[in-house]
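Following: one structure in structure tokens, then a few remarks.
Quick caveat, the model's predicted, so the values are computed rather than measured. First listed ligand is number 1; within each ligand, the first listed atom is number 1. All values below were derived from every heavy atom in this structure, side-chain atoms included, with hydrogens, water molecules and symmetry-related copies excluded. Numbers here are sequence positions counted from 1.
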Amino acid sequence: MATDHVTAPPAARPSPLPASLTPARIERLANLVSASPDAARVTTTAPYTGVPLADLPVSTPADVEDAFARARIAQRTWSATPLSERKKILLRLHDLVLARQEEALDLMQAENGKTRRDAFLEVVDIALVSRYYARNGARYLAPKRRRGAFPLLTHTTELRHPKGVVSIISPWNYPLSMAASDAIAALMAGNAVVQKPDTQTALTALWSLELMREAGLPSGVWQMVIGRGSSIGGALMAGADYMMFTGSTASGRKIARDAGQRLIGSSLELGGKNAMLVLDDADIEKAAEGAVAACFPSAGQLCVSIERLYVAESVHDQFVAAFVARARSLKVGAAYDFSVDVGSLTTAAQLKTVTDHVDDAVAKGARVLAGGKARPDLGPLFYEPTILADVTPDMTLCEHETFGPVVSIYPVRDDNEAVARANATPYGLNASVWSRSASRGRAVAARLHAGTVNVNEAFAAAWGSVDAPMGGMGDSGLGRRHGAEGILKYTEAQNIAHQRVQGFTPPKSIPPETWAALLTTGLKVLKAIGTR
Ligand code: NAD
């Protein structure tokens, strides 16, 4: 049964576009799209208001092929550019992103409808990732001496070559982060990139391209095309030496199949149904605050945001009261400043999914503890931060990703039940565990089937720890971004072994049986002296 209440009474009114987004500025960004001069156009709309935002050229499959041809030529020079020079470009990008962040925040808000606070996290992400790969890329990519087959006689080196031209397909929900962070690693590794950002948030992606070129990246090395997956997806796959895809699990399966057909590698960052566990010794006020940060960033349109909350029975009521009070007091609305807590959904399709999921759950008996409805009075795509109880498996949102500001709370007896229920999903992207005990929190975290687990944090601790790999298990994806894996996946490993004096073939003077006996003894000696 739904309870009747109103969330977020002090609503902010929809704003017009910010002053930085003049028609001339938008046109300059649109001109960065790789498309022919007579290309068809597509118009995007601003989620806050529904007013037209950008008129963008649409790339054809032939435009994508041209982009790959240019990229292939540019990549030869780029891969010969010293790592020290690539590093300087990334460090300049770092400085430019921080210096020009106001422009990026305006763009992200206008295209995606998120709050300025949520947009700022994307600026932080790009600064972290560009600094990280600038300062660590050379270490990962440098030739490495490896143990040879024969001690002293075999000189073995591992080299890392760029794959060539990488395709990146990036979504609309984290338009700066998802557009630039994967490109940064691919470029540092000496690849060229042809990228298709989502049309809805193309301006933000193009802004990062503009900045990277200003930082010194030669123009052919990173190019962007715009269009539907059904139109140019084939060309993006056909030209690629490696595919980096971020989006839904359904699309990821298709991409993986096509990459398999072409025998190229792919990295897939897909959907989730992420769980948060509040253990019986958690600091409840902090956990409630953490749940707000976990469930409602970017109006829940964050791959690592939390949609399931498992709370120990002994603290359940206390936690629910604290969480619900906070959710109800969140300020929902549109403002190009830091005054708002929860922004808009991005597309009408997303609003429909959220509405359908909540309506279905309520019709089947879920209780609405907070939110539960759209807010057309704020703008066409706003939806209240929503907390549901009594959710059962027959409700769509129990198992399926909503990708909106909606979370279900379930009481659990103990840690074992919490872990078992959190793991009862084909997904495995992110999780969050709350406990006053560091050892207990970390021990529970290690039992969770998720690529990242945050203890006493929602998602930002693991996401921001860019020295460690991040990505999904199970239906949440294949491959990782960040850390060593985040850059080495864009390389081909090559093993160069130089054999000196004597190899595996016996010298003519030694009979094969004697040679076999000598090698056998040699292998035993190597084990005995502790050789690895
Ligand atoms: P989607 O898969 O429908 O589309 C994502 C993007 O991929 C779009 O720009 C689309 O045009 C493009 N695309 C899809 N199929 C394509 C194909 N065959 N060829 C070329 N391009 C293709 O996903 P969506 O619903 O727009 O995005 C939200 C989903 O993305 C959610 O499931 C979310 O969890 C996931 N996501 C995951 C991560 C992560 O890091 N794991 C990050 C952000 C979003």
Quiz item: Who's the nearest protein heavy-atom neighbour of atom 30 (O) of ligand 1, and how far?
Solution: Gly247 C, 3.0 Å
Quiz item: For ligand 1, which atoms, with element, lie under 4.0 Å from some heavy atom of Gly233?
Solution: 19 (N), 20 (C)
Quiz prompt | Salt bridge flag under 4.0 Å for residues Asp258 and Arg262 | solution = no
Self-check item: Intermediate values then yes/no, ring pair (Phe, Tyr, Trp, His ring centres under 6.0 Å), Phe323 and Trp434
Solution: CA-CA 14 Å; Phe323 180 37; Trp434 292 75; over 10 Å; no
Quiz item: Between Glu492 and Arg160, does at least one N-O distance fall below 4.0 Å, as a salt bridge requires?
Solution: no
Quiz prompt | Leu236 touching ligand 1 at heavy-atom level, < 4.0 angstrom | solution = no
Quiz item: In terms of residue, atom name and distance, what is the protein heavy atom nearest to atom 10 (C) of ligand 1?
Solution: Lys196 NZ, 3.8 Å
Quiz prompt | Heavy-atom nearest option to atom 5 (C) of ligand 1, drawn from Asp258, Asp182, Thr246 | solution = Thr246
Quiz item: Using a heavy-atom cut-off of under 4.0 Å, does the side chain or the backbone of Arg228 touch ligand 1, or both, or neither?
Solution: neither
Self-check item: For atom 23 (O) of ligand 1, the protein heavy atom that lies nearest, with its residue and separation
Solution: Ser248 N, 3.2 Å
Practice problem: Taking only Lys NZ, Arg NE, NH1 and NH2, and the carboxylate oxygens of Asp or Glu, determine whether Glu210 and Arg213 approach each other closer than 4.0 Å. | Solution: no
Quiz item: Should the pair Tyr48 and Phe382 be assigned to parallel (<30°), tilted (30 to 60°) or perpendicular (>60°) ring geometry?
Solution: parallel
Exercise. Would you mind running through ligand 1 and noting each atom that sits below 4.0 Å from a heavy atom of Gly229?
Key: 11 (O), 19 (N), 20 (C), 21 (N), 22 (C)
Quiz item: What part of Met237 sits under 4.0 Å from ligand 1 if we count only heavy atoms: the side chain, the backbone, both or neither?
Solution: neither
Quiz item: Is there a heavy atom in Gln301 that sits closer than 4.0 Å to ligand 1?
Solution: no
Quiz item: Met178 heavy atoms, cut-off 4.0 Å: which ligand 1 atoms fall inside?
Solution: 42 (C)
Quiz item: Does Lys273 come within less than 4.0 Å of Glu307, counting only side-chain N to carboxylate O?
Solution: yes
Practice problem: Before giving the answer on side-chain hydrogen bond (donor to acceptor under 3.5 Å, both in side chains), spell out for Thr353 and Asp356 the whole-Å C-alpha distance, their side-chain angles and the decisive distance to 0.1 Å. | Solution: CA-CA 5 Å; Thr353 303; Asp356 287 353; over 6 Å; no
Exercise. Could you tell me whether Lys114 sits above the aromatic face of Tyr174, with NZ or CZ closer than 6.0 angstrom to the six-membered ring centre and within 45 degrees of the axis?
Key: yes
Quiz item: To the nearest 0.1 Å, how far is atom 40 (O) of ligand 1 from its closest protein heavy atom, and which atom is that?
Solution: Arg481 NH1, 2.9 Å
Quiz prompt | Under 3.5 Å: N/O of Glu401 near N/O of ligand 1 | solution = yes
Quiz item: Starting from atom 13 (N) of ligand 1, which protein heavy atom do you reach first, and at what distance in Å?
Solution: Phe245 CE1, 3.9 Å
Exercise. Kindly assign one of parallel, tilted or perpendicular to the pair Tyr310 and Tyr410, based on the angle between their ring planes and the thresholds 30° and 60°.
Key: parallel
Quiz item: Looking only at N/O atoms, are Lys254 and ligand 1 under 3.5 Å apart anywhere?
Solution: no
Quiz prompt | Test item: Glu111 side-chain N/O and Thr204 main-chain N/O as donor-acceptor pair under 3.5 Å | solution = yes
Quiz item: Looking at Ser251, which atoms of ligand 1 are within less than 4.0 Å of one of its heavy atoms?
Solution: 1 (P), 2 (O), 3 (O), 14 (C), 15 (N)
Self-check item: Proximity of Asp198 to ligand 1 by residue part, where a heavy atom lies under 4.0 Å
Solution: both
Self-check item: From CA spacing to verdict: salt bridge (charged side-chain N to carboxylate O under 4.0 Å, His left out), Arg308, Glu399
Solution: CA-CA 9 Å; Arg308 300 178 293 146; Glu399 289 172 8; over 6 Å; no
Exercise. May I ask you to identify the nearest protein heavy atom to atom 18 (N) of ligand 1, giving residue, atom name and distance to one decimal place in Å?
Key: Ile255 CD1, 3.8 Å
Practice problem: Check Leu429 against ligand 1 and report side chain, backbone, both or neither, counting heavy atoms closer than 4.0 Å. | Solution: side chain
Quiz prompt | Protein heavy-atom partner closest to atom 20 (C) of ligand 1 - residue, atom, separation in Å | solution = Ile169 CD1, 3.3 Å
Self-check item: Nitrogen or oxygen atoms of Trp172 and ligand 1 under 3.5 Å apart
Solution: yes
Quiz item: Using a distance-only test with no angle check, is there a side-chain donor-acceptor pair under 3.5 angstrom linking Thr346 and Asn112?
Solution: yes
Quiz prompt | Sub-4.0 Å heavy-atom approach of Phe403 to ligand 1 | solution = yes
Quiz prompt | Single hit among Leu29, Ile26, Leu203 for side chain to side chain contact (heavy atoms under 4.5 Å, CB included) with Leu21 | solution = Ile26
Exercise. Have a look at ligand 1 and work out which part of Asn173, if any, has a heavy atom under 4.0 Å from it: side chain, backbone, both or neither.
Key: side chain
Quiz item: For ligand 1, is any non-hydrogen atom under 4.0 Å from Leu270's backbone (N, CA, C, O), its side chain (CB onward), both, or neither?
Solution: backbone
Quiz item: Any side-chain heavy atom of Val444 sitting closer than 4.5 Å to one from Val419?
Solution: yes
